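In what follows, a single structure is set out as structure tokens and then discussed.
Below, chains carry the letters A, B, ... as their sequence lines are ordered, and counting in each starts from 1. Reckoned from all heavy atoms, side chains included, excluding hydrogens, waters and symmetry mates. From a predicted model like this one, the values you see are computed outputs, not experimental measurements.
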Amino acid sequence: MARVRLFIRGGVDLATVLGMGQTFLWRPGRGGFFGTIQGRAVFLRQVDTETLEASASLPPEELSALVSRYFDAERDLEEVRRLLSEDPHCRRAVERFSGLRVLRQPFWECLAGFLLSSANNVRRIHRIVRKLAERYGEVQPVEGELQAVFPPPERLVDIPLEALYDCGTGFRARGLREAARRVASGEWDGDVLARLSEEEARARLMSGYGIGEKIADCVLLYALGFLEVFPLDVWMRRVLKELYFPDGRLPRRAERARWVRRRFPGVGGYAQLYLYHAARHGVLLDRAKLV
DNA sequence: CTCCAGGGGGACG
DNA sequence: CGTCCCCATGGA
């Protein structure tokens with residue numbers, strides 16, 4: 001069992017980043033968080049704003065590299081925050097919430113999580129993911145506890161849909177299993193997709209059942225490193241309508257993607273992350289009025 | 001009971 | 001192109 005400390009450039013708010021809805025693989029416990037990275041049981045703890053401590057059954061150098069990549073630890077957030085602050089609404093969100101980061105998650109675990117996100121809520125996505133891990137994932141010891149990791153794609157390929165339903169997946173089971181097949185067979189490979197153009201990678205993901213533009217964009221952003229991608233979900237539709245087009249009418253669906261790309265050049269993913277989090281916490285929108 | 005949750009597919013006009 | 005309904009499920 002190795003335990004390492006990592007420096008996260010620009011800082012990180014661990015509890016927020018792990019719980020806000022860009023990953024669904026973490027549960028709080030023992031003053032930190034237990035979860036899965038790349039099929040490994042990992043324990044994470046916040047030491048100070050720029051320091052994390054990580055434990056796992058791995059050589060220290062491998063653990064360090066795994067977690068460092070996960071948190072995109074070398075990214076210069078000051079530059080990102082500076083660019084975001086040019087937009088008044090993003091600026092408010094940045095001032096209110098420091099320590100948000102776009103994670104760089106393992107491809108399969110990210111894809112599975114967002115396949116389960118459709119017409120769902122964050123708490124229940126967590127519950128479904130945990131159920132799948134408990135039922136089909138390997139149990140690994142970490143930090144004095146036994147942690148069930150999220151199952152690799154090969155493990156889900158032959159599970160009957162009814163068994164997945166029983167974990168609470170609902171109608172998302174078909175898409176999840178089909179995606180597991182493509183990843184297990186090598187048809188979809190995160191390293192390969194990450195090297196394609198944004199458009200080509202998105203198109204390939206959208207060829208999968210249950211993966212439309214929004215879910216594809218979340219995977220491009222949170223797993224494949226396309227930081228300019230701005231996922232358009234229900235919250236962003238509210239934000240655009242209330243904040244950016246308060247009088248006029250919302251641009252047509254196809255128009256919105258181009259609009260956000262031009263509005264937040266190069267940092268669309270961070271812009272979306274901050275707007276999403278702020279809106280959900282009633283900082284930019286009157287949440288009571290909308291929900 | 002209805003409505004909604006970080007959607008998407010299919011059938012319509 | 002847009003709009004409608006359906007897809008499971010649990011909480012408000």
Q.
Whether the side chain of A/Gln46 engages the backbone of A/Val12 through a donor-acceptor N/O pair (distance < 3.5 Å, no angle test) should be reported.
A.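 Present.
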Q: Could you summarise the pairing of DNA chain B as dot-bracket text, marking Watson-Crick and G-U pairs under 3.5 Å with ( ) or [ ] inside the strand and | across strands?
A: .||||.|||||||
Could [X] and [Y] be called an ion pair, given the rule that one side-chain N must be under 4.0 Å from one carboxylate O?
X        : Y        : answer
A/Glu143 : A/Arg3   : yes
A/Arg202 : A/Asp217 : yes
A/Glu78  : A/Arg82  : no
A/Arg27  : A/Glu145 : yes
A/Glu255 : A/Arg252 : no
A/Arg9   : A/Asp76  : no
A/Glu198 : A/Arg261 : yes

Rounded [atom1] spacing from [N] to [M] in Å:
N      : M      : atom1 : answer
C/dA8  : B/dG10 : P     : 14 Å
C/dG10 : B/dG8  : P     : 22 Å
C/dC4  : B/dC3  : P     : 14 Å
B/dC1  : C/dC6  : P     : 15 Å
B/dT2  : C/dC5  : P     : 14 Å

Q: Heavy atoms under 4.0 Å is the rule here; annotate nucleotides 7-12 of chain C 5' to 3' with B where the base is hit, S where only the sugar-phosphate is, and - elsewhere.
A: BBBSS-
Nearest-Å distance for atom pair [atom1]/[atom2], residues [X] and [N]:
X        : N     : atom1 : atom2 : value
A/Ile125 : B/dC4 : CD1   : P     : 18 Å
A/Leu250 : C/dG2 : CG    : P     : 11 Å
A/Arg174 : B/dG8 : CZ    : P     : 15 Å
A/Arg238 : B/dG6 : CZ    : P     : 8 Å

Q: Evaluate the ring planes of A/Phe24 and A/Phe114, with Trp represented by its six-membered ring, and classify them as parallel (under 30°), tilted (30 to 60°) or perpendicular (over 60°).
A: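 It falls in the perpendicular class, over 60°.
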(Q) Using the ring-ring contact (aromatic ring centres under 6.0 Å, His included) definition, which of the options A/Phe264, A/Trp259, A/Tyr274 pairs with A/Phe230? (A)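 Only one of A/Phe264, A/Trp259, A/Tyr274 forms a ring-ring contact (aromatic ring centres under 6.0 Å, His included) with A/Phe230, namely A/Phe264.
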Q: Please confirm whether A/Arg174 makes a cation-pi placement over A/Tyr209, using NZ or CZ under 6.0 Å from the six-membered ring centre and within 45° of the ring normal.
A: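 So A/Arg174 does make the cation-pi contact.
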Q: Give a yes/no verdict on a cation-pi contact between A/Arg238 and A/Trp235, requiring under 6.0 Å between NZ or CZ and the six-membered ring centre and an angle within 45° of the axis.
A: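 The answer is yes, since A/Arg238 meets both limits relative to A/Trp235.
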Q. Which of residues 252-267 of chain A sit near DNA chain C, with a heavy atom under 4.0 Å from it?
A.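 Only A/Arg252, A/Arg253 qualify.
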Q. Looking at DNA chain C, which of residues 202-232 of chain A put a heavy atom within less than 4.0 Å of it?
A.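 Correct list: empty, so none.
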**Q.** Side-chain heavy atoms of A/Val102 within contact of A/Tyr270, under 4.5 Å
**A.**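 Heavy-atom side-chain distance check passes, below 4.5 Å.
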Q: For A/Glu62, check side-chain hydrogen bond (donor to acceptor under 3.5 Å, both in side chains) against everything at least two apart and list the hits.
A: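 Testing A/Glu62 for side-chain hydrogen bond (donor to acceptor under 3.5 Å, both in side chains), a comparison that skips the adjacent residues, returns none.
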Q: Give, ordered by number, those residues of residues 87-115 of chain A having at least one heavy-atom distance below 4.0 Å to an atom of DNA chain B; if nothing qualifies, reply none.
A: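 Within residues 87-115 of chain A, no residue comes under 4.0 Å of DNA chain B.
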